[in-house]
Amino acid sequence: MEEVERAQLMEFLYYGDAMYFIYKGSKIFVETNYHSANDVHVVDVLDVFNDGQEYVEKYYFEDPDPEVTRTNFLKAKLFDGKNINEVFKEVTWVDE
């Protein structure tokens, strides 16, 4: 199952979408976008509160090259000094 979830994460990052997961009790929302006005690709990481009614931006990655944006997100130590690959087994994926 982990292999399928990793493939889904990479698909999400390549095709742009939104995903939720829970890490150590915190609900995290990650969204990918292309901002045509600035000609940049974006990965936005937010904390979710109040049953999805409130979002607080934690991290924001952007670059004209989508591969750079994805790589920066994948390598960033966002979760207690670890990157998403290092905590992959600790997250619970949420379908919404």
Side-chain angles (χ1 to χ4, degrees):
M1 184 63 163
E2 180 182 334
E3 192 172 313
V4 171
E5 290 172 336
R6 283 184 189 274
Q8 289 172 338
L9 170 65
M10 295 311 293
E11 182 177 307
F12 150 80
L13 289 171
Y14 276 88
Y15 296 108
D17 206 346
M19 68 177 176
Y20 288 92
F21 58 89
I22 297 172
Y23 175 71
K24 293 192 174 182
S26 294
K27 192 171 188 182
I28 309 292
F29 176 69
V30 180
E31 180 178 37
T32 61
N33 276 299
Y34 172 71
H35 292 185
S36 59
N38 300 334
D39 194 30
V40 294
H41 297 268
V42 172
V43 176
D44 205 7
V45 182
L46 305 105
D47 273 336
V48 180
F49 301 99
N50 300 327
D51 295 323
Q53 299 301 310
E54 184 180 346
Y55 295 82
V56 176
E57 187 172 74
K58 289 182 72 168
Y59 305 100
Y60 183 86
F61 303 91
E62 73 174 19
D63 195 273
D65 182 343
E67 187 61 34
V68 170
T69 305
R70 290 187 288 264
T71 299
N72 288 343
F73 167 71
L74 291 170
K75 289 182 175 181
K77 306 285 187 175
L78 308 180
F79 310 100
D80 297 326
K82 300 176 185 176
N83 66 37
I84 187 70
N85 287 312
E86 294 169 321
V87 299
F88 201 86
K89 291 182 178 181
E90 300 175 50
V91 302
T92 302
W93 299 98
V94 179
D95 292 326
E96 288 196 19

Exercise for review: Evaluate the side chain to side chain donor-acceptor pair (under 3.5 Å) criterion for residues Tyr59 and Asp44: first the C-alpha distance (whole Å), next the side-chain angles of each, then the deciding distance (0.1 Å), finally the verdict.
Suggested key: CA-CA 6 Å; Tyr59 305 100; Asp44 205 7; over 6 Å; no
Practice item. List the steps and the verdict of side-chain contact (heavy atoms from CB on, under 4.5 Å) for Val91 and Phe79. Key: CA-CA 10 Å; Val91 302; Phe79 310 100; over 6 Å; no
Check your understanding: What's the verdict on side-chain contact (heavy atoms from CB on, under 4.5 Å) for Phe61 and Val68, showing C-alpha distance, side-chain angles and the deciding distance?
Key -> CA-CA 9 Å; Phe61 303 91; Val68 170; over 6 Å; no
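Minimum interatomic distance between His41 and Pro64 (heavy atoms only, all atoms of both residues): CD2-O, 3.1 Å. Among all heavy-atom pairs drawn from Tyr20 and Lys27, the shortest one is CD2-CE, 3.5 Å.
Placement of Tyr34 and Val42 in two distinct hydrophobic clusters is found when ILVMFWY residues are connected by side-chain heavy-atom separations under 4.5 Å, directly or transitively. At a threshold of 4.5 Å between side-chain heavy atoms, the hydrophobic network of Ile, Leu, Val, Met, Phe, Trp and Tyr places Leu46 and Val94 in one connected group. Cluster membership check: Tyr60 does not share its hydrophobic cluster with Met19, using side-chain heavy-atom separations under 4.5 Å among Ile, Leu, Val, Met, Phe, Trp and Tyr.
Looking only at side-chain heavy atoms (C-beta outward), Glu86 and Lys77 come within less than 4.5 Å of each other. In this structure, the side chains of Phe29 and Val45 stay at 4.5 Å or more apart for every pair of heavy atoms. Using a 4.5 Å heavy-atom threshold, the side chains of Ile84 and Leu78 count as separate.
Not a single donor-acceptor pair under 3.5 Å links the side chain of Asn33 to the backbone N or O of His35.
Put simply, the residue from Asp63, Val40, Leu74 that forms a side chain to side chain contact (heavy atoms under 4.5 Å, CB included) with Thr69 is Asp63. For the side chain to side chain contact (heavy atoms under 4.5 Å, CB included) with Phe21, the qualifying choice from Leu9, Thr92, Val87, Val30 is Val30, the only one to do so.
Here the CG atom belonging to Asp65 is positioned 7.5 Å from the CZ atom belonging to Arg70, to the nearest 0.5 angstrom. Separating the CZ atom in Phe88 from the OH atom in Tyr23 is a distance of 13.5 Å, to the nearest 0.5 Å. Atom NZ of Lys58 and atom CD1 of Ile28 lie 4.5 Å apart (nearest 0.5 Å).
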